[in-house]
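One structure below.
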There are 2 protein chains.
Amino acid sequence: MPKPTFFRLPDERRDRLVEEAILEFAERTYAEASLSQIAQRSRIPKGSFYQYFEDKLDLYRWLLTDEVPRRKRAFVGDVGRDRDFWTRLEDTIERGMAFLVEHPRLARLSAAAADPTAIIEVRGLHKAICEAGIEELRSLLEQGVASGAFEAPDLDVATRLVATIIGPGLTDVVLRELGAELHEVLASDSLRKRLGPKRRRVLAHQAVLFIRHGLGG
Amino acid sequence: MPKPTFFRLPDERRDRLVEEAILEFAERTYAEASLSQIAQRSRIPKGSFYQYFEDKLDLYRWLLTDEVPRRKRAFVGDVGRDRDFWTRLEDTIERGMAFLVEHPRLARLSAAAADPTAIIEVRGLHKAICEAGIEELRSLLEQGVASGAFEAPDLDVATRLVATIIGPGLTDVVLRELGAELHEVLASDSLRKRLGPKRRRVLAHQAVLFIRHGLGG
DNA sequence: TCGGCATGCGACCGACCAGTCATATGACCG
DNA sequence: CGGTCATATGACTGGTCGGTCGCATGCCGA
């Protein structure tokens, strides 16, 4: 958690630091990311940085568990609880793609929880985030079963397979759709024009069809 | 590519270096991995290492494009071409799980191509390996379509979704099945006892059912 | 006006890294 | 024997890193 001083900072200064940190951690792995770079680019002396955060991990953890999820929720909004299960799944997927296209760097950080690393604290952090995501998806799927949308002999296995489809799988598909590398996308602020709402709906629908009926549908 | 000197090395010395390199690159990201560690653990002076390889990347590339695939092919063997498409897919998946269980470190290196990194040369290498894998899977799926096993409106999208299922998705499922973290698995030489051929067949079958019929099957 | 406290700051520290280089070794040849 | 060539070796270089420390600054209430 950031130190109290951080929250007392002038907005402009704090924002500069946060944006540069998001940029750095989106473009590089935790291990590759450099505090010195973040400090330099946000024009905040390293000594000052340590007035705001305990250390590199403290900043990274705050971004992954607080700042990024907050912004993601704000963007994605609530997927209506009143709808049919398959529609909700499709909405979830469409919103996920929208987030990726409109806020690529936040989306990348959001996905960073799947990154491998030898640093044990980071691994623990990543694992906790992954498990939370799995749990959320699992509860959605449980409601799907309850509503009779489908049956699953092993909901754990099903959850994990669906999770990889709507996570890395769809990211892969979207990047191919955009005809761009992840790092090109990260450098761009918005790819609205190249993957608008209509096309996203089509892709989301295809994905749901695949999850629902597989290849043989 | 390794320098000629490398191939003239006494087997024992060469093997020691290769094994320690595989261990290091399996447990750590390319950026995290340390040549100094590899050298120290394989009791080969750093100066000598540079007689065998151009640099760190040269070693990593050789492992990922030559040594590991060679060992993987040797282990996995050929999946019979004469069989039914769905059977071949199931075999492919079962062999993949077997490889993961019997040679966790090689399997991890094999999957490292999906790791993100800011190092441009490594990104190029990883991308090339990923594309080759996608291409291979795509040609399998093409045969599936040709044989009438299924239809796919967009084979590119289908290929990528199937790839993430049988890649990260199944790894995830297997780890859960083993009740272990990836790093615990890497430390173990063989998990034969905890995920034998019979159980692997069951899981592979489930996975194929999911790919074939989705959740709604 | 003064003193104290939160904050700003950048030079600095020790650790580690990838990669180099000068020197040493020893097998083979004339 | 002397000479050459492939190879072995580890101290060393230059650089980056995360993190610290001691001093400077400026706002506060008294």
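Within every chain, numbering begins at 1; the chains are lettered A, B, ... in the order of the sequence lines, protein sequences first and strands thereafter.
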Name all residues meeting the ring pair (Phe, Tyr, Trp, His ring centres under 6.0 Å) criterion together with B:F210; count only those two or more places apart in sequence or in a different chain, and write none if there are none. none
Set of residues satisfying side chain to side chain contact (heavy atoms under 4.5 Å, CB included) with respect to A:L17, sequence neighbours excluded: A:F6, A:I38, A:S42, A:I44, A:F49, A:Y52, A:F53
SB check B:E19 B:R71 (cutoff 4.0 Å): yes
So does B:E90 pair up with B:R201, basic N to acidic O under 4.0 Å? yes
Donor-acceptor contacts, no H, no angles, side chain residues 72-81 of chain B, under 3.5 Å, sequence neighbours left out:
none

For DNA chain C, the residues among residues 18-42 of chain B that have a non-hydrogen atom under 4.0 Å from it: B:A33, B:S34, B:L35, B:S36
Counterpart residues, salt bridge (charged side-chain N to carboxylate O under 4.0 Å, His left out), relative to [X] (two or more places apart):
{"X": "B:E54", "answer": "none"}
{"X": "B:K127", "answer": "A:E181"}
{"X": "A:R41", "answer": "A:E20, A:E24"}
{"X": "A:R194", "answer": "none"}

Where along nucleotides 7-13 of chain C does protein come under 4.0 Å, by heavy atom, of base (B) or sugar-phosphate alone (S), with - for untouched nucleotides? SBBB---
Interface residues of residues 53-66 of chain A with DNA chain D (non-hydrogen, below 4.0 angstrom): A:D55, A:K56
One pair to check against side-chain contact (heavy atoms from CB on, under 4.5 Å): B:S188 and B:L191. What are the steps and the verdict? CA-CA 7 Å; B:S188 150; B:L191 282 60; 2.6 Å; yes
Below 4.0 Å from chain B heavy atoms, what is the first contacting nucleotide of DNA chain D and what is the last? D:dA6 to D:dG10
Are there more than 12 heavy atoms of other residues, nucleotides or ligands under 6.0 Å from atom CD of B:Q40? no
For residues 168-196 of chain A, the ring-ring contact (aromatic ring centres under 6.0 Å, His included) pairs (sequence neighbours left out) are none
